[in-house]
**Student:** 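Structure provided below as structure tokens; questions to follow.
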Amino acid sequence: QVQLVESGGGLVQPGGSLGLSCAASGSIVSIDFMSWYRQAPGEERELVASATKGGSTNYADSVKGRFTISRDNAKNTVYLQMNNLKPEDTAVYYCNARIYVGSYFNYWGQGTQVTVSS
């Protein structure tokens, strides 16, 4: 029914930039929050950034000033522009969305790998 698909991951050198996209599809009535999480090997999944439908955003301290989350509500898509990437940013990045499909439910994408290395 509802699916989140991430794209844009890959290998980038330290200091470089990378943009991620997450598109939601299915029988969607509306999307409330959309967020990006990440999980490095051996570590717990952490919130990177979130955005409300109205455009309010929040960022983890570790990425503030470097990452930008944005949304295109008409396309049911959330983006994460990552600048000045650091090796510590290496992780699988997951899209998360709170979507109304008769009621609100929380959905996860399958993840996209971001590797920051020289």
Side-chain angles (χ1 to χ4, degrees):
Q1 291 180 304
V2 176
Q3 185 177 16
L4 303 181
V5 179
E6 301 102 335
S7 62
L11 176 65
V12 63
Q13 294 184 350
S17 298
L18 201 62
L20 305 181
S21 298
C22 173
S25 62
S27 301
I28 299 171
V29 177
S30 64
I31 303 177
D32 188 12
F33 289 95
M34 297 192 81
S35 305
W36 287 97
Y37 289 75
R38 68 185 181 188
Q39 186 170 20
E43 300 182 9
E44 296 184 351
R45 190 170 300 185
E46 64 173 346
L47 177 65
V48 176
S50 63
T52 67
K53 184 178 181 179
S56 296
T57 59
N58 286 288
Y59 298 91
D61 289 340
S62 60
V63 307
K64 191 174 298 182
R66 300 188 297 120
F67 291 10
T68 301
I69 187 171
S70 60
R71 293 175 57 166
D72 186 336
N73 293 330
K75 297 180 179 180
N76 291 328
T77 300
V78 63
Y79 307 93
L80 185 68
Q81 179 63 44
M82 303 181 292
N83 299 322
N84 192 24
L85 283 161
K86 304 175 181 179
E88 65 192 68
D89 295 319
T90 296
V92 177
Y93 283 70
Y94 296 91
C95 178
N96 175 270
R98 186 170 178 262
I99 301 175
Y100 188 84
V101 287
S103 184
Y104 278 105
F105 295 93
N106 196 44
Y107 294 89
W108 290 93
Q110 65 182 18
T112 183
Q113 177 70 48
V114 173
T115 302
V116 184
S117 176
S118 60

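Small disclaimer: the values here were computed from a predicted structure and weren't measured. Counting begins at 1 with the first residue of the sequence.
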**Student:** I need the W108 CH2 to E6 CD distance, nearest 0.5 Å.
**Tutor:**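 Rounded to the nearest 0.5 Å, the CH2-CD separation comes out at 9.5 Å.
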**Student:** The test is side chain to side chain contact (heavy atoms under 4.5 Å, CB included); show your working for S70 and Q81 and say whether it passes.
**Tutor:** CA-CA 8 Å; S70 60; Q81 179 63 44; over 6 Å; no
**Student:** Check whether any side-chain heavy atom of L4 lies under 4.5 Å from a side-chain heavy atom of I99, and answer yes or no.
**Tutor:**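 They are in contact (side-chain heavy atoms under 4.5 Å apart), so the answer is yes.
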**Student:** Pairs under 3.5 angstrom only: tabulate donor-acceptor contacts from the side chains of residues 14-25 to other protein residues two or more places apart or in another chain.
**Tutor:**
| unit_1 | atom_1 | unit_2 | atom_2 | d |
| --- | --- | --- | --- | --- |
| S17 | OG | N83 | OD1 | 2.9 |

**Student:** Flag the pair L11 / Q113 as yes when at least one side-chain heavy-atom distance between them is below 4.5 Å, and no otherwise.
**Tutor:**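 L11 does not reach Q113 side chain to side chain.
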**Student:** Could you tell me whether the side chain of I69 reaches within less than 4.5 Å of the side chain of Y59, counting heavy atoms only?
**Tutor:**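 Yes, close enough: below the 4.5 Å cut-off.
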**Student:** Contact between Y94 and V48 at the side-chain level, heavy atoms closer than 4.5 Å - yes or no?
**Tutor:**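 Y94 vs V48: side chains apart.
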**Student:** For the hydrophobic clusters of this structure (ILVMFWY residues joined by side-chain heavy atoms under 4.5 Å, transitively), does one cluster hold both L80 and Y107?
**Tutor:**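 Yes; tracing contacts between hydrophobic side chains, which count when under 4.5 Å, links both residues.
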**Student:** What disulfide bond (SG atoms under 2.5 Å apart) pairs are there with at least one residue in residues 55-93, not counting sequence neighbours?
**Tutor:**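 Pairs touching residues 55-93 that pass the test: none.
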**Student:** Do L85 and F67 have side chains that get closer than 4.5 Å, going by heavy atoms?
**Tutor:**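 L85 vs F67: side chains touch.
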**Student:** With side chains defined as the heavy atoms from C-beta onward, is the minimum distance between R71 and I31 less than 4.5 Å?
**Tutor:**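 Side chain of R71 against side chain of I31, heavy atoms only: contact under 4.5 Å found.
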**Student:** State plainly whether one hydrophobic cluster holds both V78 and F105, where clusters connect Ile, Leu, Val, Met, Phe, Trp and Tyr through side-chain heavy atoms under 4.5 angstrom apart.
**Tutor:**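 In one cluster: yes.
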**Student:** Can you tell me how far OH of Y79 sits from CG of D72, rounded to the nearest 0.5 angstrom?
**Tutor:**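 Going from CG on D72 over to OH on Y79, the span is 5.0 Å.
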**Student:** So V2 and I28, do their side chains get closer than 4.5 Å, heavy atoms only?
**Tutor:**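 I28 vs V2: side chains touch.
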**Student:** Any idea which heavy atoms bring A51 and T57 closest together, and the distance?
**Tutor:**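 Result for this residue pair: CB-CG2, 4.0 Å.
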**Student:** Is there side-chain contact between Q13 and V116, with at least one heavy-atom pair below 4.5 Å?
**Tutor:**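 They are not in contact (no side-chain heavy atoms under 4.5 Å apart), so the answer is no.
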**Student:** List the atom pairs, donor and acceptor, that lie under 3.5 Å between side-chain atoms in residues 33-41 and the rest of the protein, sequence neighbours left out.
**Tutor:**
| unit_1 | atom_1 | unit_2 | atom_2 | d |
| --- | --- | --- | --- | --- |
| R38 | NE | E46 | OE2 | 2.8 |
| R38 | NH1 | D89 | OD1 | 2.9 |
| R38 | NH1 | Y93 | OH | 2.9 |
| R38 | NH2 | E46 | OE2 | 3.4 |
| R38 | NH2 | S62 | OG | 3.4 |
| Q39 | OE1 | R45 | NE | 3.4 |
| Q39 | OE1 | R45 | NH2 | 3.4 |
| Q39 | NE2 | E43 | O | 3.1 |

